[in-house]
Amino acid sequence: MKKITIILPLLCVCTAIAAQDSISNRHHHLVEDSTDVFYRHMKLNELTVTGVTGDTKLKHATAPVSLVSAKDLRSTASANIIDAIAHQPGMAQLTTGSGISKPIIRGLGYNRVVVMNDGVRQEGQQWGDEHGVEVDGGSVNTVEVLKGPASLMYGSDAMAGVVILHGQPIQPEGSIKGNVSLEHQTNNGLLGYSLNLAGNQRGFVWDGRFSGKWAHAYKNKYDGYVPGSQFRELAGRLMLGVQRQWGHSRLTGTVYHMTPSIVEGERDAATGDLVCATVAPTSYHKQLPYQQVKHYKLVWDNSLNLYSGYLKAIVGYQQNRRQEFEEHHHDHDEADHDHEEADHDHEEADHDEHSHDASNPALYFRLHTLTYDLRYLTHEVSGWKLAAGLQGMWQQSQNLGHEYLIPAYRLFDVGIYATTSKQTGRWTLNGGLRYDHRRLHGDGLTEDGRERFADFSRHFNGVTGSVGAVWNVSEHLNLRLNVARGFRTPNMSELGSNGSHEGALRYELGNRQLKAEYSLQGDLGVDFTSRFVSAQVALFANHIDHFIFLSSNGQFSDEGDPVYAYTQGDARLLGFEAGVDFHPVHSLHFANTFSMVDARLKDQPSDRQYLPYTPAPRWTSELKWELVHHEHTTMGHSHEQPHRHFTADVTFNNVYIAAALECHLRQNHVYSADATETPTPSYTLLNLTAGTDLLVARKKVAELYVVANNLLNRAYQSHLSRLKYADTNMVTGRQGVYNMGRNITFKIVIPINFN
């Protein structure tokens with residue numbers, strides 16, 4: 001996947017985004033200067049990011065921002081949306097099998113990263129290792145990644161950064177368009193489809209999508225098939241609204257269902273093979289233990305154009321249902337579970353919390369979230385832009401299963417902020433302040449005469465802010481500096497956990513005395529673009545007070561799980577991302593990036609000095625060749641025919657082929673106390689990609705992509721794979737489960753146009 005970032009602007013993607021994105025929707029855009037294709041890579045200044053207060057050209061963004069285009073997402077092989085963007089410089093993913101990924105930005109993840117989708121923060125039990133992001137990747141058109149503390153705009157939890165998932169732009173007036181996409185992956189047999197239709201008729205706008213995905217267990221050279229790594233996913237989305245000169249009002253509803261099995265990594269002592277409990281490794285049926293995740297969301301997005309600016313109001317409601325079925329439960333059809341769940345909801349008042357009926361899930365969390373965001377933004381006046389807003393959230397989490405991990409709780413959150421920016425000459429300056437208040441209450445629970453959870457309340461207040469500057473030294477050179485203060489309150493898992501977390505293979509203990517985290521981060525960036533080379537460097541230094549993390553205490557639960565307890569200490573993170581892209585001709589690119597982070601706890605002995613689960617340093621190198629087919633016709637000269645690559649009726653346009661090396665260096669900086677973490681050796685993966693547009697009679701009828709990941713079938717373990725710590729193979733001596741082996745993906749995207 002090509003990377004488009006402040007640290008790596010690339011020539012080839014500029015053309016693709018220009019053809020796909022709509023300027024009218026205020027998403028990030030690229031403008032192509034057709035008079036000189038050699039300078040397409042210099043159109044960085046025309047990119048617009050929306051992850052700040054109002055639209056801001058990337059040229060004037062003071063904080064690091066990565067942009068992933070619609071074309072890049074379509075041409076990437078992935079199991080989910082986080083997997084699709086995890087190779088951006090400075091990003092990584094914490095994985096549990098092939099279907100679950102959590103975003104990591106500059107070494108920080110979990111509740112330190114906010115994911116925005118449909119204009120609201122995605123809330124769905126993101127504290128868990130095996131809890132992914134409940135978003136249909138097919139509904140995401142473009143992605144922005146804000147790196148560094150973004151608490152000023154997004155409040156608590158945006159300490160590491162923000163991942164903003166944009167849907168497709170509103171269609172132009174009078175148009176009805178859509179597409180059908182199909183996908184197959186050879187390693188895990190993934191079958192996926194997505195159907196979309198959107199339109200705009202006299203200002204009435206709509207956008208509907210339905211997607212599905214099935215995958216059986218993946219395989220690798222050492223483990224063979226990995227039982228429990230299969231998953232299936234169904235998702236739907238419908239947006240209805242009006243678009244007028246006065247602004248817009250849109251109502252969006254989404255439904256997301258995912259059923260991932262759980263990889264336990266248990267092995268036969270005699271053979272060392274992974275134990276498969278209930279289904280064949282190539283079966284698409286779920287296997288015990290497994291999760292059943294259902295996420296429902298309704299968002300009302302309004303924008304009113306005023307004389308001096310515009311007023312935005314977004315209200316969202318989400319309900320997340322996460323059920324976990326263990327080995328001793330019978331394997332029922334999902335329809336049966338749905339029926340039982342409905343009955344359970346009606347009888348919730350009579351729920352016997354000690355029942356062990358096999359028809360009920362062991363763990364069952366139901367999370368209600370209501371978010372609100374009201375902001376006013378002024379137009380630019382004499383270079384000045386001002387913004388002010390009020391944001392907040394209300395949550396209620398319920399325990400409806402007969403096993404428990406965290407207490408039922410209620411949360412109330414409110415924040416108020418103001419920002420300003422000024423453009424003068426070659427300088428852009430911005431800054432702002434924010435105040436947040438959050439209140440948490442955990443419900444007590446007594447089980448079998450013993451206190452499982454204590455009843456408690458915590459209150460947190462935070463003041464955050466940022467200040468930054470960009471100096472556009474010349475058309476080719478930009479310097480950036482930003483300093484930001486971040487804020488994050490402990491989540492309920494960190495405060496109140498007391499139970500076996502089967503998906504994470506451990507018993508977790510919370511700490512009700514934890515303090516809020518505060519960070520202070522400085523960013524310095526330099527980017528240079530010229531006709532034949534682009535080079536970028538982004539450095540950062542981050543100090544975090546009261547950093548919260550899990551650490552093994554050396555004990556084991558009654559079930560034999562290792563016990564991990566939440567604790568905290570001061571931390572500091574240093575790192576950088578660097579990139580250089582050589583393009584001696586416009587059709588050839590040799591792009592290289594390197595990113596690393598050194599994350600340490602202060603005043604700790606050697607076995608406890610490094611933050612756990614820090615990504616290993618990563619170097620990527622890609623050689624890409626593009627054959628862009630341009631048709632040149634003029635009025636009255638229809639006899640002029642463009643160059644054909646196949647027949648007189650079929651044309652291959654925008655053909656490209658790329659070979660990439662992805663090298664992850666050895667990670668020795670681990671939190672090794674009590675075997676919390678172990679070093680990970682280096683590994684290098686070879687990937688090949690190819691793609692083209694298929695035209696019939698000069699009309700595009702399809703986009704075709706072939707992506708080969710891990711072409712040499714290398715057996716490796718990602719340092720951020722939770723399966724790395726599964727059982728040891730007593731025959732080979734290797735611990736844990738390895739990542740996916742060779743995987744070839746075939747994708748086709750068929751556009752639909754009723755105009």
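Computed over heavy atoms, backbone and side chain alike; hydrogens, waters and symmetry mates excluded.
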- Query: side-chain contact (heavy atoms from CB on, under 4.5 Å) between L363 and R322: does it pass, once the steps are laid out?
  - Reply: CA-CA 8 Å; L363 288 173; R322 182 175 297 273; over 6 Å; no

- Listed by chain and number, what are the ring-ring contact (aromatic ring centres under 6.0 Å, His included) partners of W300, not counting sequence neighbours? none

- Item | CG on N498 to CD on E451, rounded to 0.5 Å | 9.5 Å

- Query: Heavy atoms, side chains only, cut-off 4.5 Å: are M239 and V205 in contact?
  - Reply: yes

- Item | Within-4.5 Å side-chain heavy-atom neighbours: D443 and R410 | yes

- Task: State whether a side-chain donor-acceptor pair under 3.5 Å links Q319 with R321.
- Result: yes

- Message: Please check: side-chain N/O of E508 versus main-chain N/O of L405, any donor-acceptor pairing under 3.5 Å?
- Response: no

- Message: Quick test of your reading of the model: are E134 and K297 salt-bridged, counting only N-O distances below 4.0 Å?
- Response: no

- Do D223 side-chain atoms and Y738 backbone N/O form a donor-acceptor pair below 3.5 Å? yes

- Query: Side chain of Q93, backbone of I100: donor and acceptor closer than 3.5 Å?
  - Reply: no

- Item | S194-R209 side chain donor-acceptor pair, cut-off 3.5 Å | yes

- Query: Does a donor on one side chain sit under 3.5 Å from an acceptor on the other, for Q396 and Q398?
  - Reply: no

- Item | Value rounded to 0.5 Å, distance of CE in M258 from CG in L234 | 11.0 Å

- Query: Hey, are the side chains of K102 and I82 touching, using non-hydrogen atoms and a 4.5 Å cut-off?
  - Reply: no

- Item | Carboxylate-amine/guanidinium proximity below 4.0 Å for D207 and R250 | no

- Between H131 and W127, what is the ring plane arrangement, given parallel below 30°, perpendicular above 60°, and tilted in between? perpendicular

- Task: Search all heavy atoms of L720 against all heavy atoms of A92 and return the closest pair with its distance.
- Result: CD1-CB, 3.8 Å

- Message: For the backbone of R722 and the side chain of T96, can you confirm whether one donor and one acceptor N or O come within less than 3.5 Å of each other?
- Response: no

- Query: Taking atom types as modelled and ignoring hydrogens, do the side chains of T489 and R438 form a donor-acceptor contact shorter than 3.5 angstrom?
  - Reply: yes

- Message: Distance alone, cut at 3.5 Å: any donor-acceptor contact between the side chains of H368 and Y317?
- Response: yes

- Heavy-atom nearest pair, P615 first then I104, reads CG-CG2, 4.0 Å

- Message: Could you check whether any side-chain N or O of Q126 sits under 3.5 Å from a backbone N or O of G124, counting only pairs where one atom can act as donor and the other as acceptor?
- Response: yes

- Task: Consider only side-chain N and O atoms of D118 and T252, and report whether a donor and an acceptor are under 3.5 Å apart.
- Result: no

- Query: With a 4.5 Å limit on heavy-atom distance, are the side chains of V145 and V162 in contact?
  - Reply: no

- Between Y725 and Y613, what is the ring plane arrangement, given parallel below 30°, perpendicular above 60°, and tilted in between? perpendicular

- Does a donor on one side chain sit under 3.5 Å from an acceptor on the other, for N743 and N188? no

- Message: Could you walk me through whether V113 and L108 satisfy the side-chain contact (heavy atoms from CB on, under 4.5 Å) test, starting with their C-alpha distance in whole Å, then the side-chain angles of each, then the deciding distance to 0.1 Å, before giving a yes or no?
- Response: CA-CA 7 Å; V113 175; L108 300 175; 5.6 Å; no

- Task: Indicate whether any N or O donor in one side chain lies under 3.5 Å from an N or O acceptor in the other, for S156 and D436.
- Result: no

- Could you tell me the separation between the NE2 atom of H216 and the CG atom of L191, rounded to the nearest 0.5 Å? 8.0 Å

- So do N80 and V133 actually touch side chain to side chain, heavy atoms under 4.5 Å? no

- Item | Heavy-atom side-chain contact between V293 and N320 under 4.5 Å | yes

- Query: NZ/K515 to CD/E517 distance, rounded to the nearest 0.5 angstrom?
  - Reply: 13.0 Å

- Task: Answer with yes or no whether the side chains of Y409 and Q395 bring together a donor and an acceptor at under 3.5 Å.
- Result: yes

- Task: Would you sort out whether H87 and T76 count as a side-chain contact (heavy atoms from CB on, under 4.5 Å), showing the intermediate values?
- Result: CA-CA 11 Å; H87 299 285; T76 299; over 6 Å; no

- Task: Say whether, by atom type as modelled, one donor and one acceptor occur between the side chain of E494 and the main chain of M492 under 3.5 angstrom.
- Result: no

- Message: For N196 and Q168: C-alpha separation, side-chain torsions, deciding distance, then whether side-chain hydrogen bond (donor to acceptor under 3.5 Å, both in side chains) applies.
- Response: CA-CA 10 Å; N196 172 248; Q168 69 175 350; 3.1 Å; yes

- For Q230 and S261, indicate whether the former's side chain and the latter's backbone hold a donor-acceptor pair under 3.5 Å. no

- Message: Do P407 and L445 make a side-chain contact, defined as non-hydrogen atoms from C-beta onward lying under 4.5 Å apart?
- Response: no

- Heavy-atom nearest pair, F487 first then A516, reads CE1-CB, 3.9 Å

- Task: Take D136 and F210 through the side-chain contact (heavy atoms from CB on, under 4.5 Å) test and state the conclusion after the steps.
- Result: CA-CA 9 Å; D136 170 26; F210 187 77; over 6 Å; no

- Query: Got a second to check how far L298's CG is from T254's OG1, nearest 0.5 Å?
  - Reply: 8.5 Å

- What do the steps show when you test D373 against K312 for salt bridge (Lys or Arg N to Asp or Glu O under 4.0 Å), and what is the final call? CA-CA 8 Å; D373 184 349; K312 295 182 67 70; over 6 Å; no

- P227 and Y225 have their tightest heavy-atom pair at CD-O, 3.2 Å

- Task: Determine yes or no for a side-chain-to-main-chain donor-acceptor pair under 3.5 angstrom, with T369 supplying the side chain and Q318 the backbone.
- Result: no

- Query: Does the R458 side chain pair with the main chain of L514, one donor and one acceptor, at a distance under 3.5 Å?
  - Reply: yes

- Tightest non-hydrogen contact, residues S497 and I406, listed as OG-CG2, 3.5 Å

- Rounded to the nearest 0.5 angstrom, the CG-CH2 distance for D413 and W394 is 13.5 Å

- Task: Using the test salt bridge (charged side-chain N to carboxylate O under 4.0 Å, His left out), find all partners of K213 that sit at least two apart in sequence or belong to another chain.
- Result: none

- Message: I'd like to check P612 versus L550 (side-chain heavy atoms, cut-off strictly below 4.5 Å). Are they in contact?
- Response: no

- Item | Y284 side chain vs G189 backbone, donor-acceptor pair below 3.5 Å | yes

- Query: Do you see a donor-acceptor pair shorter than 3.5 Å between the side chains of S457 and H441?
  - Reply: yes

- Could you pull out the closest heavy-atom pair between D455 and G444, with the gap in Å? OD2-N, 3.5 Å

- Query: Do Y296 and H257 have ring centroids that are under 6.0 Å from one another?
  - Reply: yes

- Under the criterion side chain to side chain contact (heavy atoms under 4.5 Å, CB included), which of V163, I85, I164, L165 is the partner of E144? I164

